[in-house]
Amino acid sequence: MLTMTDVEVGYGRTSVIHGVTVEVPPDGVVAVMGHNGAGKTTLLRAAVGLLPTRSGTITLDGEDVTGTAPHKRVRRGLAYVPQGQQSFGQMTTLENLQVVADGRARGAALVDEALDLFPALHGLLGRRAGLLSGGQRQQLAIARALVTEPRLLILDEPTEGIQPSVVAEIEQAILGLTRRGGLSVLLVEQHVGFALDAAGHYYVLASGRVTAEGTGGAGSVTDVRSAMAI
Amino acid sequence: MEIIVTQLFNGLSGGSILLLAALGLALTFGQMGVINMAHGEFIMAGAYTAYVTQNVLGSAGLSLFVSLPIAFVVGGLLGVVLEATLLRRMYHRPLDTLLVTWGVSLVLQQLARDVFGTAGVDVPAPSWLSGPVELLGFSFPRTRLFILALAVAAFVALALALRFTPLGRRIRATVQNRPLAETAGISTRATDRLTFFIGSGLAGVAGVALTLMGSISPNLGTSYIVDAFLVVVVGGVGQVRGAVIAAFVLGIVQSFLEYSTTASIAKVLVFALIVAFLQTRPQGIFAVRTRSLA
């Protein structure tokens, strides 16, 4: 589905990612873990196209998308939920979904399907997204990504900074999506237990390099914790 | 009573001209953050479009309506060319933009002088717009009523388009969070170009309206550009509806001050009032309220 091969990414003169190779198989869930500053978000931003790669290649379904604009990658089936519960704050909840649904043949149905996943948003459709709580905004962000009918969903710390009761809801929704089939997920997550529960494969990133990788599942928790402790 | 009504009408009329000049800026400056000093010259280009259209068509009545859409396209295309060649390279560099677009405005003025001459030219108003309308014992010039109606129609059309159309949603999304819009599948480059086309096109429409106020000359735009920026800043940057209130309030205040003092003193007083207002409310009439700006 998505393959990043020997990718190097940075900001200005500073390189943050040094020759990282990550592969997300079709229908697969891959988790990327690591401490703050390990380069997880930078890696995802490069995967989406918000940051250019200095070297290496990125392919989507076997086609090279290394220099392709983000909105064109979205058209090819990639969706991205950035860190920090981002939304179009001055637009209503419904408009946040409509702006993505516009121009899609099944637009209205897609909005309804996304809302079914997060029923809490039903009562907030007319409220401006900037006035929603962090948890509600994150649900909206995931719903918005799903309206693009993605085949690959990229999630950057979807439960970060959200109150525990809502975290459980969001985790359940993500697990539900990963088990539904037809959707690959690339997940960056601090919460190791949840990440490994969802993922079939994991990578541990430290200082911009892959320091450990393996298969997901609860059995790998100790391996990941020890890899992250180094 | 007569004085109050007359000054109120003059204020509304002045405000409607300000609004037409500022509406496009509310998009390109207010929404996109681009300081386009050449916006005034897009107004001038719209005015000369009306002049050329009338010379080609001959009939003043027909040419007014024909020139409105043509001026919109002419202004819009000038804006798109400016955006595609220069401005796209300097988003988030307001000072550079200011200097570059000021340079462009001088070039456009000179171009107009070379083509149309330095002297002002007249674009006669159609006969059905000449003379006043008598209402409740007061008389209101038809041309000014027409400009007022045109300004209100332009605002309503823009507000509805921004609020309810897919393009409007794309523009607002791009303005609020560009990377998020891009990763939501919106081509932000295409949206920028369209936003600039509409904003600059509205300047062209303003230019046509100004031909009804008197003769036009190559430096027509310079008389309006500062006031137009003031309207956007006072209204609240990023708020199109703020521009409406600001334009009419400034128009009315100026009209009453002009009556009690002189045009120059009134201008000074208006500037002083704006400075005082922005001291207490730097964000303008409408502030952006949100839990988080993200």
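Note that the coordinates shown come from a computational prediction; the quantities given were computed from them, not determined experimentally. Below, chain A is the first sequence line, B the second, and so on; all start at residue 1.
For B:Arg163, the parts lying under 4.5 angstrom from a heavy atom of chain A are both the backbone and the side chain. With a threshold of 4.5 angstrom between heavy atoms, A:Ala69 approaches chain B through its backbone and through its side chain. Within the 4.5 angstrom heavy-atom criterion, only side-chain atoms of A:Val48, from C-beta onward, approach chain B.
A ring-centre distance under 6.0 Å is not found for B:Phe72 and B:Phe42.
Side-chain N/O atoms of A:Asp156 and A:Thr41 include a donor and acceptor closer than 3.5 Å. There is a side-chain donor-acceptor pair under 3.5 Å between A:Glu8 and A:Ser15.
Residues of residues 20-34 of chain A never come within less than 4.5 angstrom of chain B, heavy atom to heavy atom. Residues of residues 105-125 of chain A having a heavy atom under 4.5 Å from any heavy atom of chain B: none.
Considering only heavy atoms from C-beta on, B:Asp192 comes within 4.5 Å of B:Arg178 through its side chain. With a 4.5 Å cut-off on side-chain heavy atoms, B:Val34 and B:Glu83 do not count as touching. Looking at heavy atoms from C-beta onward, B:Leu23 lies out of side-chain contact with B:Leu27 at the 4.5 angstrom threshold. Side-chain atoms of B:Phe29 and B:Asn36, non-hydrogen and from C-beta on, never get closer than 4.5 Å to each other. Within the 4.5 Å cutoff, side-chain heavy atoms of A:Gln190 are placed close to those of A:Lys40.
A cation-pi geometry, defined here as NZ or CZ lying under 6.0 Å from the six-membered ring centre and within 45° of its normal, does not hold between A:Arg45 and A:Tyr11.
We find that B:Arg169 and A:Asp102 are joined by a salt bridge, their nearest charged nitrogen and carboxylate oxygen being less than 4.0 Å apart.
Shortest non-hydrogen contact noted between B:Ala26 and B:Val232 is N-CG2, 3.8 Å.
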